[in-house]
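Quick notes on the structure that follows.
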2 protein chains.
Amino acid sequence: MPPDTPRSTSTRRPAAAPRRQAAGPDAATIHHGIRRDHSEETAQDYVEAIAALIQQSNEARAVDLARKLGVSHVTVVRRVARLVEQGYVTSEPYRAIFLTDKGRALAEECTVRHETVLAFLLAVGVPAAAAERDAEGIEHHVSPETLEAMNGFLKRNS
Amino acid sequence: MPPDTPRSTSTRRPAAAPRRQAAGPDAATIHHGIRRDHSEETAQDYVEAIAALIQQSNEARAVDLARKLGVSHVTVVRRVARLVEQGYVTSEPYRAIFLTDKGRALAEECTVRHETVLAFLLAVGVPAAAAERDAEGIEHHVSPETLEAMNGFLKRNS
DNA sequence: CAAAAAATGTAGCTTCGACTACATTTGGAA
DNA sequence: TTCCAAATGTAGTCGAAGCTACATTTTTTG
Ligand SMILES: [Mn+2]
Ligand SMILES: [Mn+2]
Ligand SMILES: [Mn+2]
Ligand SMILES: [Mn+2]
């Protein structure tokens, strides 16, 4: 039995309007890329945080990571196990967490990018508190091309 | 029995280095904010896509959303059900999806912000394809302050 | 050194977004 | 008007990320 609600005037595929020219990849491909960014985001924030803690204190404890990232220690422990699998960190039971060469390299790359994004936001006039907040999310969506443009801007306005 | 691996030289809380001045919220608060951004991201991309489809075709079908967002139609159907609960869209079985006033308002806001971010990236010299990709992710991490700064930059360099 | 506190580990739960496979409905074409 | 392809719905699975509660180990402290 058909639903008693009035159906829309145009019922089916209503003569798609002519597509405006799309230069880059299509929308679906772009959204796939965003989801990839997000799947890599956690690992990046973890190694960045671990590197910072090691710099500060010579070691990164799970509890420090939990505090810094604002999650429970369980979440940290489980994520760190995956980072071990992925070869970014080493970890022994009841001991601190350390970076592998691969982890150090990723941390270095992410830290540089993070600082570039932050400096760029400040340079275009974003207030410090907002810049620090936004940089933490934006950094994971900055392509090499955009990073290049940000560096260019910083160089021009130095 | 203690593990036979040598323990780290400094065993516990090793005299935390003096904190450099932190103006804004602490790291944990920032990361909470990012996770909030991400929890709102899907709804924003959906209403934006729905609005675009309605503009083009007078209605948004689940299959069109699936194509545009690069996910299966099941993912769309389930997310749309949650958007209905949240009051952003209306949807009858086997019919198209429409925006509520609330949904239209959110879509409008997101579209404007999206276009500002895109225009800004282009204005600072990011190649078009990269700008389009990056804007899709960055848009969700742009605070009102940063949006304001972007608009200021665009106004100054027009 | 023994007890208390802190850190870590483990078990089990929830939500969300993604998927495949299959069932049902709809709308247009034969 | 019947039939078929397309669209939608439904059931069930999975992995990631979050949580609480409780067990175990380590480190600090009395
Ligand atoms: Mn980050
Ligand atoms: Mn993001
Ligand atoms: Mn987006
Ligand atoms: Mn968008």
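Only a predicted model underlies this, so the values are computations on that prediction, with no experimental measurement involved.
- Residue pairs that meet the salt bridge (Lys or Arg N to Asp or Glu O under 4.0 Å) test with at least one member in residues 101-111 of chain A, sequence neighbours left out, are A/Asp101-A/Arg104.
- The nearest whole Å value for the distance from the CG atom in B/Leu69 to the P atom in C/dG17 is 12 Å.
- Two different hydrophobic clusters hold B/Leu53 and B/Val77 under the rule that ILVMFWY side chains link at heavy-atom gaps under 4.5 Å.
- Checked against ring-ring contact (aromatic ring centres under 6.0 Å, His included), A/His141 has the following partners two or more places apart in sequence or in another chain: A/His38, B/His141.
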For nucleotides 22-24 of chain C, which of its nitrogen or oxygen atoms have a protein nitrogen or oxygen under 3.5 Å away, and what is each distance?
from, atom 1, to, atom 2, distance (Å)
C/dT24, O2, B/Tyr94, OH, 3.2

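- Of the candidates C/dA7, D/dC19, C/dA21, D/dC19 carries the atom nearest the A/Val74 side chain, counting heavy atoms from C-beta on.
- Contacts classified as side chain to side chain donor-acceptor pair (under 3.5 Å) and involving residues 39-52 of chain B (residues at least two apart or in different chains) are given here: B/Gln44-B/Arg113, B/Gln44-B/His140, B/Asp45-B/His140, B/Glu48-B/His114.
- Atoms CD (B/Glu59) and P (C/dT26) sit 15 Å apart, rounded to a whole Å.
- For A/Phe120, the ring-ring contact (aromatic ring centres under 6.0 Å, His included) test picks out A/Phe153, B/Phe120, with sequence neighbours left out.
- At a threshold of 4.0 Å, the pair A/Glu145-B/Arg133 counts as salt-bridged, since one of the basic side-chain nitrogens sits closer than that to a carboxylate oxygen.
- Residues from residues 28-40 of chain B with heavy atoms under 4.0 angstrom of DNA chain C: there are none.
- For the side chain to side chain contact (heavy atoms under 4.5 Å, CB included) test, residues two or more places apart in sequence or in another chain that qualify with B/Ala107 are B/Val47, B/Ala51, B/Leu99.
- Legend: residues meeting side chain to side chain donor-acceptor pair (under 3.5 Å) with B/Thr75, ordered by chain and number and at least two apart, are B/Ser72.
- Rounded to an integer number of Å, the gap from CZ of B/Arg67 to P of D/dA6 is 11 Å.
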N/O-N/O pairs, protein side and nucleotides 13-15 of chain C side, under 3.5 Å:
none

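- Within the structure, ring-ring contact (aromatic ring centres under 6.0 Å, His included) pairs that include any residue of residues 55-74 of chain A do not occur (at least two apart or interchain).
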At a cut-off of 3.5 Å, list every protein nitrogen or oxygen paired with a nitrogen or oxygen from nucleotides 1-5 of chain D, distance to 0.1 Å.
none

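- Every residue meeting the side chain to side chain contact (heavy atoms under 4.5 Å, CB included) condition with B/Leu118, not counting sequence neighbours, appears here in chain and number order: B/Leu122, B/Ala131, B/Glu132, B/Ala135.
- Between A/Ser72 and D/dT20 there is no side-chain polar atom (N or O) within less than 4.0 angstrom of OP1 or OP2.
- Of the candidates C/dG9, D/dG9, C/dG17, D/dG9 carries the atom nearest the B/Val77 side chain, counting heavy atoms from C-beta on.
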